[in-house]
**Q** 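Here it is: the structure, laid out below.
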Amino acid sequence: MIKTIEWVDGAVRMIDQTRLPTEKVFVDCRTIEEVSLAIKTMIIRGAPAIGVAAAMGVSLGADAILSEDFAEFYAQLEKKCAELAKSRPTAVNLAWGIDRMKRVAKAGKDLAVPDLKKRLREESQRICDEDIAANQAMGSFGQTLIGDGNNVLTHCNAGALATAGFGTALGVIRASVNAGKKINVLANETRPFLQGARLTVWELMEDNIPVKLITDSMAGYFMQKKQVDVVVVGADRIAANGDVANKIGTYMVAILAKNHNIPFYVAAPISTLDLSLANGEEIPIEERSADEVTTINGKRMAPVGAVVAHPAFDVTPNGLVTAIITDKGIARPPFTESLKKLAGQSADS
Ligand code: MRU
């Protein structure tokens, strides 16, 4: 499997997810500003991958600071971090990755600045490695919920490409396959940016996991035909009460699943929990460019001048969520208690 993100010769190398699946192009970021731009333009996307990119970006930002005085070094780093944090608003992993790096910087105040820079680089690699381990843990918990022969519907891309590797929702699917279960995936295309069609279908095909691409509007049809046994999606931010922000269209799938008595699972690491928010109403929803709606692959689909709305995420209320699969275990309703308990088991929640 191609690496989503890694350190190569002092640069942060990412596979350009705007070009997949037709071209496999890699982008090397050498500054924190380049990492921020890569996040904004969705060269890298998906909540956990954004968290890892942010941590690596902070390390690049630290390297570029010339001062050897800690107070001055930290003041400059904080400024850069504040800019990086503005790259995209919804996935809490961005702030999570930045905050963790800031904590490490603060804790190293007695180190010589060059040693501190080295420590920050190591921490960013640790965050990357931990993300893969978290996804594997989520996979082993989550696969217990998936039956042999299940047809699994997913929305957007919560796969290896959305993380440092293995994936969250697709990690649960991969772990189920690795456990010897026969799984068929239905992938919503995920308009407008087509993460399902372009990325989920691509990475599952690479792994020889059976996948059928459907348009978002076909989900209800296949549920009615009893061709969906379970839904598994990822998340960008989960509030304390279990309300889940994820790619636009997720809420619609959750309602459909409820109506058809189909379990609706969310797979996300503890780093995607935002216990500071009581409920999903407070989650900031990104509005992206109208061009993503009016065009597909640069080809215009709507009349010039068309008025367009483009919320990139929606919030699924906790009542529609059967369970949340985390790297620390499976949370079930009432989520306010179960999530708090699981987060308590995580060192950096
Ligand atoms: O806009 P994107 O592509 O960054 O949105 C991604 C999603 O909504 C994913 O489902 C979510 O980040 C979980 S990824 C493991």
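Just so it is clear, the values below take in all heavy atoms, side chains as well, and ignore hydrogens, waters and symmetry mates. Order of listing sets the numbers, starting from 1, for every ligand and every atom in it. By convention here, the first residue in the shown sequence is residue 1.
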**Q** If every non-hydrogen atom of Asn93 is compared with every non-hydrogen atom of Asp236, which pair is closest and at what distance?
**A**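 Closest pair (atom of Asn93, atom of Asp236, distance): OD1-O, 3.7 Å.
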
**Q** Going by the order shown, which atoms of ligand 1 are within less than 4.0 Å of some heavy atom of Pro48?
**A**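 Checking each atom against Pro48, I get 14 (S), 15 (C).
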
**Q** Check each atom of ligand 1 against the heavy atoms of Lys247 and keep those under 4.0 Å away; list them by number with element.
**A**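 Those qualifying, in numeric order: 1 (O), 2 (P), 5 (O), 8 (O).
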
**Q** Looking at Asp28 and Arg13, is any side-chain nitrogen of the basic one under 4.0 Å from a carboxylate oxygen of the acidic one?
**A**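 Yes, charged N to carboxylate O under 4.0 Å.
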
**Q** Is the cationic atom of Arg198 (NZ for Lys, CZ for Arg) positioned less than 6.0 Å from the six-membered ring centroid of Phe193 and within 45 degrees of its normal?
**A**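 So Arg198 does make the cation-pi contact.
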
**Q** Show me which atoms of ligand 1 lie under 4.0 Å from any heavy atom of Phe313.
**A**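 That gives atoms 1 (O), 5 (O), 8 (O) of ligand 1.
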
**Q** Which atoms form the tightest heavy-atom contact between Pro192 and Ile248, and what is the distance?
**A**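 Nearest heavy atoms, Pro192 then Ile248: CD-CG2, 4.2 Å.
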
**Q** Closer than 4.0 Å to some heavy atom of Arg88 - which atoms of ligand 1 meet that?
**A**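 The atoms of ligand 1 under 4.0 Å from a heavy atom of Arg88 are 1 (O), 2 (P), 4 (O).
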
**Q** Return the minimal non-hydrogen interatomic distance between Ser124 and Trp7, and the atom names on each side.
**A**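 Scanning both residues completely, I find the closest heavy atoms to be OG-NE1, 3.0 Å.
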
**Q** Measure the distance from atom 15 (C) of ligand 1 to every protein heavy atom, then report the residue, atom name and distance (to 0.1 Å) of the closest one.
**A**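 Going atom by atom, the protein heavy atom closest to atom 15 (C) of ligand 1 ends up being Thr168 OG1, 3.0 Å.
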
**Q** Under 4.0 Å from any heavy atom of Ala235, which atoms of ligand 1 are there?
**A**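 Going through ligand 1 atom by atom, the ones under 4.0 Å from Ala235 are 11 (C), 12 (O), 13 (C).
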
**Q** Evaluate Ser36 against Lys80 for side-chain contact (heavy atoms from CB on, under 4.5 Å), listing each step before the verdict.
**A** CA-CA 10 Å; Ser36 175; Lys80 288 169 185 264; over 6 Å; no

**Q** Considering only the protein, which heavy-atom contact is closest to atom 6 (C) of ligand 1, and what is its distance?
**A**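 Answer, as residue, atom name and distance: Arg45 NH2, 3.5 Å.
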
**Q** Quick one: which ligand 1 atoms are inside 4.0 Å of a heavy atom on Met42?
**A**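 Counting from 1, the qualifying ligand atoms are 1 (O), 2 (P), 3 (O).
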
**Q** Taking NZ, NE, NH1 and NH2 as the nitrogens, is one of them in Glu123 or Arg103 under 4.0 Å from a carboxylate oxygen of the other?
**A**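 A salt bridge is absent here (no side-chain N lies under 4.0 Å from a carboxylate O).
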
**Q** Name the closest protein heavy atom to atom 9 (C) of ligand 1, giving the residue it belongs to and the distance to 0.1 Å.
**A**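 Residue, atom and distance for the closest contact: Asn246 OD1, 3.4 Å.
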
**Q** With a cut-off of 4.0 Å, which atoms of ligand 1 are near a heavy atom of Ala47?
**A**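 Reading through ligand 1 atom by atom, the close ones are 12 (O), 14 (S).
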
**Q** Could you identify the single nearest non-hydrogen protein atom to atom 14 (S) of ligand 1 and state the distance to 0.1 Å?
**A**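 For atom 14 (S) of ligand 1, the nearest protein heavy atom comes out as Ala162 CB, 3.4 Å.
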
**Q** Thr90 and Pro284: which non-hydrogen atoms are nearest, and at how many Å?
**A**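 Here Thr90 and Pro284 meet closest at OG1-O, 2.8 Å.
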
**Q** If you have a sec, work out which protein heavy atom is nearest atom 7 (C) of ligand 1 and how many Å separate them, to one decimal?
**A**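 Looking only at protein heavy atoms, the one closest to atom 7 (C) of ligand 1 is Asp236 OD1, 3.2 Å.
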
**Q** For Ala158, counting its heavy atoms only, list the atoms of ligand 1 lying under 4.0 Å from any of them.
**A**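 What qualifies from ligand 1 is 14 (S), 15 (C).
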
**Q** Scan side-chain atoms only and decide if Ser59 and Arg121 contain a donor-acceptor pair under the 3.5 Å cut-off.
**A**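 Side chains of Ser59 and Arg121: pair found under 3.5 Å.
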
